[in-house]
Amino acid sequence: MAQHPSWRRIDGPVSVPTMPELPEVETVRRMLEASVIGRTIERVRLSGLRLRGVPHAPGLAAALRARTITTLRRHGKYLLIDLSGGHTIVSHLGMSGRWLFFPGPGSKRLDHVHVRLEFADGSRLWFQDPRRFGMFRLVPSDKLHEDPSLALLGPDPIADPPTGRGLAARARGLSVRAKLFLLDQRRIAGIGNIYASEILHRARVHPARPAGSIRPAEWTRIARETRAVLAEAIERMGTTFSTYRTLSNEPGSYGDQLRVYDRAGEPCRRCAAPVRRIVQGQRSTFYCAACQPLRATRRRRD
DNA sequence: ATCCTATCCTGTAGGC
DNA sequence: TGCCTACAGGATAGGA
């Protein structure tokens, strides 16, 4: 995959696109990797507000201080920031979380910043999250597998690309609907509401199909489109809606590629039938009734 | 096993 | 122009 220019080291204030699903978190990971590896935390300021309804652990600031960032990893939508001394920051962007990196010293007035890390050279890394659905926790690195949020996660589809055979095996006998199957982080980690609709549209599988009724050839398409959609979205630095943009940071451009998401009533890009919106699990699903029949039909080519 | 609802939150868009 | 309300959704707990 071609190295995107924005993944190089950044010289201006940096933040990253949302809405955060796997491709957006991977974009964050790559951008931070280019900026913060090897930096040592000198000062820590916390907002004191709860994230995801949970207060910061006592001693969090002290535990972060004097630690050096060694590695940035990702599993699904979780970003893992390894520190010297054997601890790892487990972070999740929730709905509105953002990481911001400022290469130089200075002060900036900004609302909803919950964690401010200042490095020895004056550069700064901030975690901002207006809606506070996000997560920022420090966990012993050797206990990550016991972490309640991480322990149950399914395979990451980038590290461990799904196959039709594998998905079909996991879906055998299940009545859960296709869209909710893809959304369930215990089955596959990283697919959110936008990409679930996109994957099923490209795979031509109706979102309300019971997972156990989906045929092997259809699972093969779902697996292939999962890999393709995620790879293309990462290439384009994710999906960004118009509200989000910063000075030196391009927004993700995958939004231009969306075929059904948020396009209710607009023509399907494949067959021009109007895109439909339904609600599954209290959230919107978008699909094309013509391209994604509710009943499996015989097709010329799969 | 699965479904449903509620919870946590604020910014945005729509109606009037 | 401003006020009000509905809506957006990731993870998770609890009840059916």
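Here is the naming used below: chain letters follow the sequence lines, and residue numbers restart at 1 for every chain.
- Among residues two or more places apart in sequence or in another chain, the salt bridge (Lys or Arg N to Asp or Glu O under 4.0 Å) test is passed with A:Arg109 by none.
- Listed by chain and residue number, A:Glu118 satisfy the salt bridge (Lys or Arg N to Asp or Glu O under 4.0 Å) test with A:Arg43 (two or more places apart in sequence, or in another chain).
- Counting heavy atoms of neighbouring residues, nucleotides and ligands inside a 6.0 Å radius, atom CZ of A:Arg276 does not exceed 12 of them.
- In this entry the distance linking CZ of A:Phe181 with C1' of B:dT2 reads 14 Å, nearest Å.
- Listed by chain and residue number, A:Asn193 satisfy the side-chain contact (heavy atoms from CB on, under 4.5 Å) test with A:Arg283 (two or more places apart in sequence, or in another chain).
- A search for salt bridge (Lys or Arg N to Asp or Glu O under 4.0 Å) contacts involving A:Arg73 returns A:Asp82, not counting sequence neighbours.
- The side chain of A:Glu21 lies closest to C:dG10 when the candidates are C:dG10, B:dG11, B:dT2.
- Computed from coordinates, the A:Asp129 CG to C:dA8 C1' distance equals 14 Å when rounded to whole Å.
- Straight-line distance from the NZ atom of A:Lys179 to the C1' atom of B:dC4: 15 Å, rounded to whole Å.
- Within the hydrophobic cluster formed by Ile, Leu, Val, Met, Phe, Trp and Tyr side chains joined at under 4.5 Å, directly or through other members, A:Leu153 is accompanied by A:Tyr78, A:Leu80, A:Val90, A:Met135, A:Val139, A:Leu144, A:Leu150.
- Among residues at least two apart or in separate chains, side-chain hydrogen bond (donor to acceptor under 3.5 Å, both in side chains) pairs with a member in residues 150-172 of chain A are A:Arg74-A:Asp156.
- Nucleotide C:dG10 holds its P atom 13 Å from the CG atom of A:Leu182, rounded to whole Å.
- In this structure, the CZ atom of A:Arg98 is 16 Å from the C1' atom of C:dG10, given to the nearest Å.
- Here A:His112 reaches the OP1 or OP2 of B:dG11: one of its side-chain N or O atoms lies under 4.0 Å away.
- Comparing A:Leu174 and A:Gly281 along DNA chain B, the residue whose closest nucleotide (by nearest heavy atom) sits nearer the 5' end is A:Leu174.
- Looking at DNA chain B, the stems built from 3 or more consecutive Watson-Crick or G-U wobble pairs, each pair with its key distances under 3.5 Å, are B:2-16 with C:2-16.
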Solution key, residues 52-65 of chain A side-chain donor-acceptor pairs under 3.5 Å, sequence neighbours excluded:
| residue | atom | partner | partner atom | Å |
| --- | --- | --- | --- | --- |
| A:Arg52 | NE | A:Phe133 | O | 3.3 |

Could you pull out the protein-nucleic contacts involving nucleotides 11-14 of chain C (nitrogen or oxygen on both sides, under 3.5 Å)?
| residue | atom | partner | partner atom | Å |
| --- | --- | --- | --- | --- |
| C:dA11 | OP1 | A:His92 | NE2 | 2.8 |
| C:dA11 | OP2 | A:Lys77 | NZ | 3.2 |
| C:dA11 | O3' | A:Arg52 | NH1 | 3.1 |
| C:dT12 | OP1 | A:Ser149 | OG | 2.9 |

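- In this structure, A:Leu51 places its CG atom 11 Å from C1' of B:dC8, rounding to the nearest Å.
- The distance between atom CD of A:Gln280 and atom P of B:dC4, rounded to the nearest whole Å, is 10 Å.
- In this structure, A:Arg186 places its CZ atom 11 Å from P of B:dC3, rounding to the nearest Å.
- Applying the 4.0 Å criterion to OP1 and OP2 of B:dC4, one finds that A:Gln282 has every side-chain N and O outside that range.
- A distance of 5.5 Å separates CG of A:Leu72 from CG of A:Leu79, quoted to the nearest 0.5 Å.
- A:Arg137 comes within 4.0 angstrom of nothing in the nucleic acid, heavy atoms only.
- A:Arg187 comes within contact range of the sugar-phosphate backbone alone, with a heavy-atom separation under 4.0 Å but no base atom that close.
- In summary, the aromatic rings of A:Tyr287 and A:His206 are positioned with their centroids under 6.0 Å apart.
- In this structure, the nucleotide among C:dA8, B:dT10, B:dC3 sitting nearest to the side chain of A:Arg132 is B:dT10.
- Within the 4.0 Å cut-off from OP1 or OP2 of B:dA1, not a single side-chain nitrogen or oxygen of A:Ser175 is found.
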